[in-house]
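These values consider heavy atoms only, across backbone and side chains, with no hydrogens, waters or symmetry-generated copies.
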Amino acid sequence: MSVRDLIPWGRNNNQTPSVYRDEDRNPFLSLHREVNRLFDDVFRGFDSRLPAFGSLSSFAGSWPSVEISETDKEIKVTAEIPGLEENDVEVLIDDGVLTLKGEKRSETEDKEKQFSERFYGRFERRIPLGVEVEEDKIDARFKSGVLSIVLPKSAKAQSQVKRIAIKS
């Protein structure tokens, strides 16, 4: 039962509403309300697949999960990529953007499988760095499904960091 079922002028079309409002008499407002209801009904089914509609379980654009930390000298990026090997992942840097991409393939062809929350397919995650890094000194390591990348900042980027004194 939804909240709308509790409201006397809601969606229950089998009964005559006990309260008539101006919008019930106005055909344009009534049409507007019905179109909104139709869109609500249609997009409710997409909820589990589209990140734009508030789903946290969707992988589009946000997989793999990453953790980013920055110091004065370097940027560290850690990505969780379970079920993949080192050869399945590609790490690129171009024009100040770190790109993680690869493909996760299904281990078996299970035709009897009826439901799965596991992610399979190609992925690409772009992370804008915002500072210059020394590309020839980047260190990337992959162990137990965790990719760790250390990006040392260039001398120019390190010199641009300025500490600001806080006065009381």
Side-chain angles (χ1 to χ4, degrees), residues 1-5 11 35-168:
M1 173 187 282
S2 72
V3 175
R4 287 185 176 184
D5 293 333
R11 300 169 102 181
V35 169
N36 283 343
R37 184 185 62 80
L38 287 172
F39 274 99
D40 288 346
D41 290 345
V42 168
F43 288 120
R44 190 174 298 121
F46 290 107
D47 189 21
S48 62
R49 292 180 295 263
L50 297 176
F53 293 100
S55 172
L56 295 176
S57 64
S58 177
F59 291 112
S62 64
W63 197 84
S65 298
V66 296
E67 214 172 59
I68 302 170
S69 62
E70 181 176 6
T71 64
D72 292 343
K73 298 182 185 226
E74 64 189 14
I75 298 172
K76 291 182 183 178
V77 178
T78 306
E80 292 183 352
I81 313 175
L84 282 135
E85 298 296 324
E86 180 179 333
N87 300 338
D88 298 329
V89 181
E90 190 175 357
V91 180
L92 306 168
I93 188 162
D94 183 36
D95 199 25
V97 177
L98 179 70
T99 304
L100 311 175
K101 66 182 188 177
E103 183 174 5
K104 184 174 179 184
R105 296 176 182 89
S106 176
E107 297 93 25
T108 60
E109 284 292 323
D110 188 2
K111 297 188 188 237
E112 296 179 10
K113 176 176 24 181
Q114 294 183 6
F115 178 77
S116 176
E117 289 184 339
R118 298 178 73 188
F119 171 76
Y120 297 105
R122 294 181 186 270
F123 65 89
E124 184 169 322
R125 183 82 191 258
R126 294 175 183 255
I127 303 165
L129 299 174
V131 296
E132 289 182 27
V133 296
E134 295 184 33
E135 295 180 8
D136 55 332
K137 295 183 180 178
I138 295 174
D139 182 39
R141 299 180 188 270
F142 191 86
K143 184 177 179 184
S144 302
V146 177
L147 175 66
S148 300
I149 305 165
V150 177
L151 303 124
K153 291 183 180 178
S154 68
K156 180 182 174 186
Q158 289 181 30
S159 67
Q160 290 177 347
V161 175
K162 296 178 183 172
R163 298 259 182 222
I164 299 171
I166 300 173
K167 299 174 186 173
S168 55

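Side-chain atoms of K104 do not come within 3.5 Å of backbone N or O of I81 as any donor-acceptor pair. A donor-acceptor pair under 3.5 Å links the side-chain atoms of R125 to the main chain of P64, judged by distance alone.
For the pair I93/T99, no side-chain contact is recorded, criterion being any heavy-atom separation below 4.5 Å from C-beta on. Within the 4.5 Å cutoff, the side chain of V91 has heavy atoms near those of the L98 side chain.
For E135, the salt bridge (charged side-chain N to carboxylate O under 4.0 Å, His left out) test picks out no residue, with sequence neighbours left out. When the side chain to side chain donor-acceptor pair (under 3.5 Å) test is applied to K137, the partners found at least two apart in sequence or on another chain are E134.
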Start with the C-alpha gap between K73 and K153, add the side-chain angles, then the distance that decides, and say whether side-chain contact (heavy atoms from CB on, under 4.5 Å) holds.
CA-CA 5 Å; K73 298 182 185 226; K153 291 183 180 178; 5.9 Å; no
Does the side-chain contact (heavy atoms from CB on, under 4.5 Å) test come out yes or no for V97 and I127, once each step is laid out?
CA-CA 6 Å; V97 177; I127 303 165; 5.9 Å; no
Is there a salt bridge (Lys or Arg N to Asp or Glu O under 4.0 Å) between R122 and E124 once you walk through the steps?
CA-CA 7 Å; R122 294 181 186 270; E124 184 169 322; over 6 Å; no
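By the neighbour-count criterion of 12 heavy atoms within 6.0 Å, atom CD of E103 is densely surrounded, having more than that number from other residues, nucleotides or ligands.
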Return all side-chain donor-acceptor pairs below 3.5 angstrom for residues 141-151, not counting sequence neighbours, or 'none' if the list is empty.
{"unit_1": "R141", "atom_1": "NE", "unit_2": "D139", "atom_2": "OD2", "d": "3.0"}

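Taking CZ from R126 and CG from L100, the interatomic distance works out to 10.5 Å, rounded to the nearest 0.5 Å.
Applying the salt bridge (charged side-chain N to carboxylate O under 4.0 Å, His left out) test to pairs two or more places apart or on separate chains, those with a residue in residues 76-95 are E74-K76.
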